[in-house]
Amino acid sequence: MITRTETLYRLSILATVLLFMVGCKTLQTSTGAKVAPFKGTIVYDVEVINNSDEQQTKSKKDLYGTEMSLTVFKNGDLQRKYTTSSIDGYGIQYVDIENQTVIEKYNNSDSLFVHKAAIQNRNKLYDLRTTNEKQTVLDYELKDVSIGAEDIARNYEKTYLTVRYWYSDQLKVDKAVYANVNDDLWSYFMNKSDGSLFLKMEIDYFTHKVVYTAKEILSGEYDKSTKELLEIAPRIED
């Protein structure tokens, strides 16, 4: 006869095994290899390329800066931090998975701008033909997803752009976590790349082009900007 103590012991062992299995979830690459979901930070160089006048290029460089870090937290939250943008530039974009919201902070404001993650700010219009040119970043050979899109975040003039998303399926996350994160077409790119994080991305607005290129991968390193994302900060909800 199994005693109550033995039953509790067996249940605790089972719970430990289940937690271990969840914590050790693996993802599969296109070759069938198993990889652990990426958690940590990828640091990118940011380059703004001018296609028009010099003054516009300067203002866009002030907006984006020269460096951006993308952090994937253990719970799936995402943080993009622009560390060298000017006082008028981007500060932080934080995707809160539990609350399904996107929080944005600009350097020139103490307020946080909040909107639902499911809201689309871009529409995909068409696929772009991929080239046979090989792209390699940090010794990873990359595949790409390339599209033409329309920026629908503004109420006035439509803005058209192209997005090229280069990735390695050695750096993957669980794409199901982002099924309802439509901001910047994130869910779309997660599905097309099977959960692979970009190591290079090019956004071409035709007047200017913004290129993100990974320069450092810091697995297991996190830097949540709690100071900038304080609960007491005023929030402007869309």
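Count residues from 1 along the sequence.
Other residues, nucleotides and ligands place no more than 12 heavy atoms under 6.0 Å from the NZ atom of Lys224. For Lys124, the NZ atom counts as densely surrounded, since its 6.0 Å shell holds more than 12 non-hydrogen atoms of other residues, nucleotides or ligands. By the 6.0 Å contact criterion, CG on Asp110 is open, its count of non-hydrogen atoms from other residues, nucleotides or ligands being 12 or less. Enclosure of atom NZ in Lys172 by more than 12 non-hydrogen atoms of other residues, nucleotides or ligands within 6.0 angstrom is indicated.
Of the possible polar contacts, none joining the Tyr205 side chain to the Val210 backbone as a donor-acceptor pair under 3.5 Å is found. At least one donor-acceptor pair closer than 3.5 Å links the side chain of Asn107 to the backbone N or O of Ser86. Within the 3.5 Å criterion, the main-chain N or O of Thr66 finds a donor-acceptor partner in the side chain of Thr84. Proximity of a side-chain donor or acceptor of Asp96 to a complementary backbone N or O of Glu98 within less than 3.5 Å is detected. Within the 3.5 Å criterion, the main-chain N or O of Ala118 finds no donor-acceptor partner in the side chain of Asn180. In this structure, Thr41 contributes its side chain and Leu218 its backbone to no donor-acceptor pair below 3.5 Å. In this structure, Gln79 contributes its side chain and Asp223 its backbone to a donor-acceptor pair below 3.5 Å. Under the 3.5 Å distance criterion, the side-chain polar atoms of Ser168 are left unmatched by any main-chain donor or acceptor of Glu141.
In this structure, Val43 is not a member of the same hydrophobic cluster as Leu138, with clusters built from ILVMFWY side-chain heavy atoms closer than 4.5 Å. Taking hydrophobic clusters as Ile, Leu, Val, Met, Phe, Trp and Tyr residues chained together by side-chain heavy-atom distances below 4.5 Å, Phe206 shares a cluster with Leu125. There is a path of hydrophobic side-chain contacts, each under 4.5 Å, that joins Phe113 to Leu63. Leu27 and Leu142 fall into different hydrophobic clusters, where Ile, Leu, Val, Met, Phe, Trp and Tyr side chains are chained together by heavy-atom contacts under 4.5 Å. Note on Val102: it clusters hydrophobically with Ile203, by side-chain heavy-atom contacts below 4.5 Å among ILVMFWY residues.
In this structure, Asp194 and Gln28 approach most closely via the heavy-atom pair OD2-O, 4.0 Å. Annotation for Ile152 and Gln120: closest pair CD1-O, 3.5 Å, computed over non-hydrogen atoms. The minimum heavy-atom distance linking Tyr188 with Asp127 is given by the pair OH-OD1, 3.6 Å. Nearest approach of Tyr222 to Gly40, heavy atoms of both residues: CE2-N, 3.5 Å. In terms of heavy atoms, Asn121 sits closest to Leu185 at OD1-N, 4.4 Å. Across all non-hydrogen atoms, the minimal contact from Val181 to Trp186 is O-CB, 3.6 Å.
Considering Tyr44, Trp166, Phe189 in turn, Tyr44 is the only one that fulfils the side-chain contact (heavy atoms from CB on, under 4.5 Å) rule with Phe198.
Taking the side chain as every heavy atom from C-beta outward, Ile147 and Leu128 never approach each other to under 4.5 Å. You'll find the side chain of Tyr94 reaches within 4.5 Å of the side chain of Asp77, heavy atoms only. Side-chain contact check for Tyr140 versus Ile217: some heavy-atom pair is nearer than 4.5 Å. With contacts defined as side-chain heavy-atom distances shorter than 4.5 Å, the pair Met190/Val177 does not qualify. Looking at Ile97 and Asn75, their side chains never come closer than 4.5 Å, going by heavy atoms from C-beta outward. The closest side-chain heavy-atom distance from Val72 to Leu78 is below 4.5 Å.
With values rounded to the nearest 0.5 angstrom, Glu104 atom CD is found 11.5 Å from Ile236 atom CD1. If you take NZ on Lys81 and OG1 on Thr71, they are separated by 8.5 Å, rounding to the nearest 0.5 Å. The structure places CD1 of Ile42 at 10.5 Å from CZ of Arg80, a figure rounded to the nearest 0.5 Å. Taken to the nearest 0.5 Å, the CG atom of Asp183 stands 13.5 Å off from the NZ atom of Lys116. Between the CG atom of Asp151 and the CG atom of Asp184 there is a distance of 8.5 Å, given to the nearest 0.5 Å. Once rounded to the nearest 0.5 Å, the distance linking OG1 of Thr83 with CD1 of Ile92 reads 10.5 Å.
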Exercise. Which is it for Leu70 and Tyr212 under the side-chain contact (heavy atoms from CB on, under 4.5 Å) test, yes or no, and what are the steps along the way?
Worked result: CA-CA 11 Å; Leu70 171 65; Tyr212 301 86; over 6 Å; no
Problem set entry | Test log, rule side-chain contact (heavy atoms from CB on, under 4.5 Å), inputs Asp88 and Asp62 | CA-CA 7 Å; Asp88 295 318; Asp62 288 344; 5.6 Å; no
Exercise. Can you list the steps and then say if Ile103 with Arg235 is a side-chain contact (heavy atoms from CB on, under 4.5 Å)?
Worked result: CA-CA 9 Å; Ile103 304 168; Arg235 296 189 172 214; 4.0 Å; yes
For this session: Go through Leu161 and Arg122 one step at a time and tell me if the side-chain contact (heavy atoms from CB on, under 4.5 Å) criterion holds.
Result: CA-CA 10 Å; Leu161 60 148; Arg122 287 177 186 163; 3.9 Å; yes
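For Asp144 and Ser146, the side-chain atoms include at least one donor-acceptor pair closer than 3.5 Å.
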